[in-house]
Amino acid sequence: MAEDITSTLKEERRFPPPAEFSGRARVRSMEEYEALYRRAEEDPEGFWAERAQELLTWDQPWEQVLDWQPPRARWFVGGRLNASVNCLDRHVATWRRNKAAIIWEGEPGEVRTLTYLQLWREVCRFANVLRKAGCEAGDRVVLYMPMVPELAVAMLACARLGVTHSIVFGGFSASAIRDRVNDAGAKVVVTADGGWRRGGIVPLKDSVDAALEGDACPSVEGVIVLRRTGQKVAMEPGRDIWWHELMETVDATCPPVSVDSEHPLFILYTSGTTGKPKGVVHSTGGYLLGTAWTSRMVFDLREEDTYWCTADIGWITGHSYIVYGPLANGATTVMYEGAPNWPEPDRFWDIIERHRVNIFYTAPTAIRAFIRWGDRWPLKHDLSSLRLLGTVGEPINPEAWIWYHRVIGKARCPIVDTWWQTETGAIMISPLPGATPLVPGSATRPLPGVIADVVDGDGQPVDGDQGGYLVIRKPWPSMIRGVWGDPERFEKTYFSQVPGTYFAGDGVRQDAEGNFWIMGRIDDVINVSGHRLGTMEIESALVSHPAVAEAAVVGRPDDLKGQAIVAFVSLTGDSDPSPALGETLRAHVAAEIGALARPEEVRFTDALPKTRSGKIMRRLLQDIAANRDTRGDTTTLEDATVLDRLRKKWDER
Ligand code: 7RM
């Protein structure tokens, strides 16, 4: 942490918003921002009630704006609405019915545009399919799909019925699907015969089959399979049915089910400190308001914009900023199925040029890859349609920021560096593009309504420029409502370090100007290419292999991915270290969790550095993995020679 602080302190470049941008932005100056911030701070309930009135369509008004009994928040108590109505019906009722809702591009190159009316019809039909399959409000449905419009259709169809969706990212393995399906108690799984990725087919249906094998997922009554690639897949009679066959049998209208504002819209699993991913629960009213409002303010979203967020819908960024936020605003959202470097490293720039994308939102890890691939790829394309750029998922190093600003934004487009989490539902700390002077590497200031603060290990506010932990002092509409099935874990993880205050799990520093510098996770979470992984999850996967006695996993700084996974492994008596076994273990983790969790490196060791009470000293392993000197205290080490042996092994390689 200390190193990061000194490096960020040197960043003195400031990029004031361009006059032509500010001139027509929703928030045009810092004075306007400050006024809005103060208003929200002084009267949060009045502030959010106005936003909820202005941005959402309610079937029944709320009786109380907020009921806050830490850690439980209920927003818009007594209010009723439907998320699919807010994303579709109310636009279909206007001229927007023929506006593009989704512009989709498949990796092989096909393009499909769905207008609001077309999307609405598909959603109604699929909602009827789900209803015929026995799904009703309160049930859970797992979606394990490629990045195709039908994924958005399935999400909104669930929302139409009050069915809670839980999307499992297509890169996760069979056992990860099984855990999530069982934890959520899903009635139906929706998948596809595959999706395209770098010219190959991701065999989604095979993974679902493996996940459900035997009676592994007793709650599942049926599997709906979309034909995407034409790849042959096994269809289990009585369980598996084709999407297109079901869609032929239903009506294109489906009355929406009005739900309580607090009704769980979705569950999304995310990694935490312990081995088991947490099912983060989001509400309908508060979540939709948070995503709708931030889409509008942070991206300065306008009627005529073509907006593209490159995330996968399997992550929160895709939920909030490909589907719910943009569609609630009646915007045009671009969706791309495949890899950024397929068939060539200019695929993204080609998409921006062809669809005249105005707002582009991506991750620092992608930006670092573009830098590596060379300027000639973006320079081949006309990117003049762009007016705003965004980043999310991890801290952006100032060099990458400057490149993004210069080469992609031509020094013309503001960049919004947006800090938020699966748990926050929506963007929390970010510049407002018409107001905030940009500071490369800093997400700048909290949005109106977000009371962010920095505290020390005892929960006490930290003075001035010092580092500490990020907390959010007041509830906000799109906040996490619970950990599915585990209220204790919810309270313990988020509201116990500082009782009653949301603890984000990130290290942070606030400078004299009030800018926040996020320094990354302070818990056992690794951020690999902007994806959150728990070290414990990977360790559990490793020790499930018969050759492994003990495993400790740490992150090592990586120029491209932010962090790379390094696993320290000790073996059981009858196994010997070998490069082949290292490969086997890497593959084993990929099979257990998914390719994104595959360790970059497996290091064999006869012992792990532990405290006398038996705790693995990860800090020391982090130093060894990064090949740097050991920082701090080692006096609690039970066996000091372990460190030397670990280092020696490294030198001998
Ligand atoms: C949206 C998302 C959350 C974690 C979070 C941080 C890190 C996200 C930024 C960032 C620095 C940013 N949800 N993080 N955005 N760090 N600057 N702009 O990524 O739940 O998957 O991850 O990601 O550590 O706690 S997430």
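Fair warning: this is a prediction, and the values are worked out from it, not measured in the lab. First listed ligand is number 1; within each ligand, the first listed atom is number 1.
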note = Under 4.0 Å from one or more heavy atoms of Ile316, ligand 1 contributes atoms 1 (C), 13 (N)

query = So is Trp315 close enough to ligand 1, meaning a heavy atom under 4.0 angstrom away?
reply = no

ask   = Would Asn358 and Trp308 count as having a side-chain donor-acceptor pair, cut-off 3.5 Å?
value = no

key: Distance-only N or O hit between ligand 1 and Thr391, under 3.5 Å   = no

query = Which ligand 1 atoms, with their elements, are less than 4.0 angstrom from a heavy-atom of Val392?
reply = 1 (C)

ask   = Any idea which atoms of ligand 1 are less than 4.0 Å away from a heavy-atom of Thr418?
value = 9 (C), 12 (C), 15 (N), 18 (N)

inquiry  = Please determine whether a side-chain nitrogen of the Lys or Arg among Glu394 and Lys561 lies less than 4.0 Å from a carboxylate oxygen of the Asp or Glu.
reply    = no

inquiry  = Heavy atoms only: which of Ala363, Gly393, Gly390, Ala426 lies closest to atom 19 (O) of ligand 1?
reply    = Gly393

ask   = What protein heavy atom is closest to atom 20 (O) of ligand 1, reported as residue, atom name and distance in Å?
value = Thr422 OG1, 2.6 Å

ask   = Counting each atom of ligand 1 from 1 as listed, which ones have a heavy atom of Thr317 under 4.0 Å away?
value = 1 (C)

message = Counting only heavy atoms not in Lys410 (residues, nucleotides, ligands), do more than 12 fall under 6.0 Å from its NZ?
response = yes

key: Identity and separation of the nearest protein heavy atom to atom 22 (O) of ligand 1   = Arg532 CD, 3.2 Å

remark   = min-distance protein heavy atom vs atom 3 (C) of ligand 1 -> Trp420 O, 3.7 Å

inquiry  = Quick one, Met30 and Arg445 - any side-chain contact, counting heavy atoms below 4.5 Å?
reply    = yes

key: Which segment of Gln421 sits under 4.0 Å of ligand 1 when only heavy atoms are counted   = both

remark   = ligand 1 atoms nearer than 4.0 angstrom to some heavy atom of Asp506 are 5 (C), 6 (C), 24 (O), 25 (O)

inquiry  = Salt bridge check, Lys276 against Asp183: does any charged N sit closer than 4.0 Å to a carboxylate O?
reply    = yes

message = Is there a polar contact, in the sense of an N or O pair closer than 3.5 Å, between Asp417 and ligand 1?
response = yes

ask   = Purely on distance, is any nitrogen or oxygen of Glu423 under 3.5 Å from one on ligand 1?
value = no

ask   = Roughly how far, to the nearest 0.5 Å, is the CH2 atom of Trp75 from the OG atom of Ser478?
value = 9.5 Å

Charged N-O contact under 4.0 Å between Arg178 and Glu592 = no

remark   = Note: Pro395, heavy atoms under 4.0 Å from ligand 1, region reported as both

key: Lys/Arg N to Asp/Glu carboxylate O, Glu513 vs Arg14, below 4.0 Å   = yes

task = Examine the side chains of Glu423 and Tyr494 and answer whether a donor and an acceptor come within less than 3.5 Å of each other.
result = yes

query = If you measure every N/O of Ile518 against every N/O of ligand 1, is any gap under 3.5 Å?
reply = no

ask   = Are Phe299 and Tyr321 close enough that their ring centers fall under 6.0 Å?
value = yes

Asn527, portion touching ligand 1 at heavy-atom distance under 4.0 Å = side chain

query = Who's the nearest protein heavy-atom neighbour of atom 12 (C) of ligand 1, and how far?
reply = Glu394 O, 3.5 Å

Distance-only side-chain donor-acceptor flag, Tyr307 / Ser295, under 3.5 Å = no

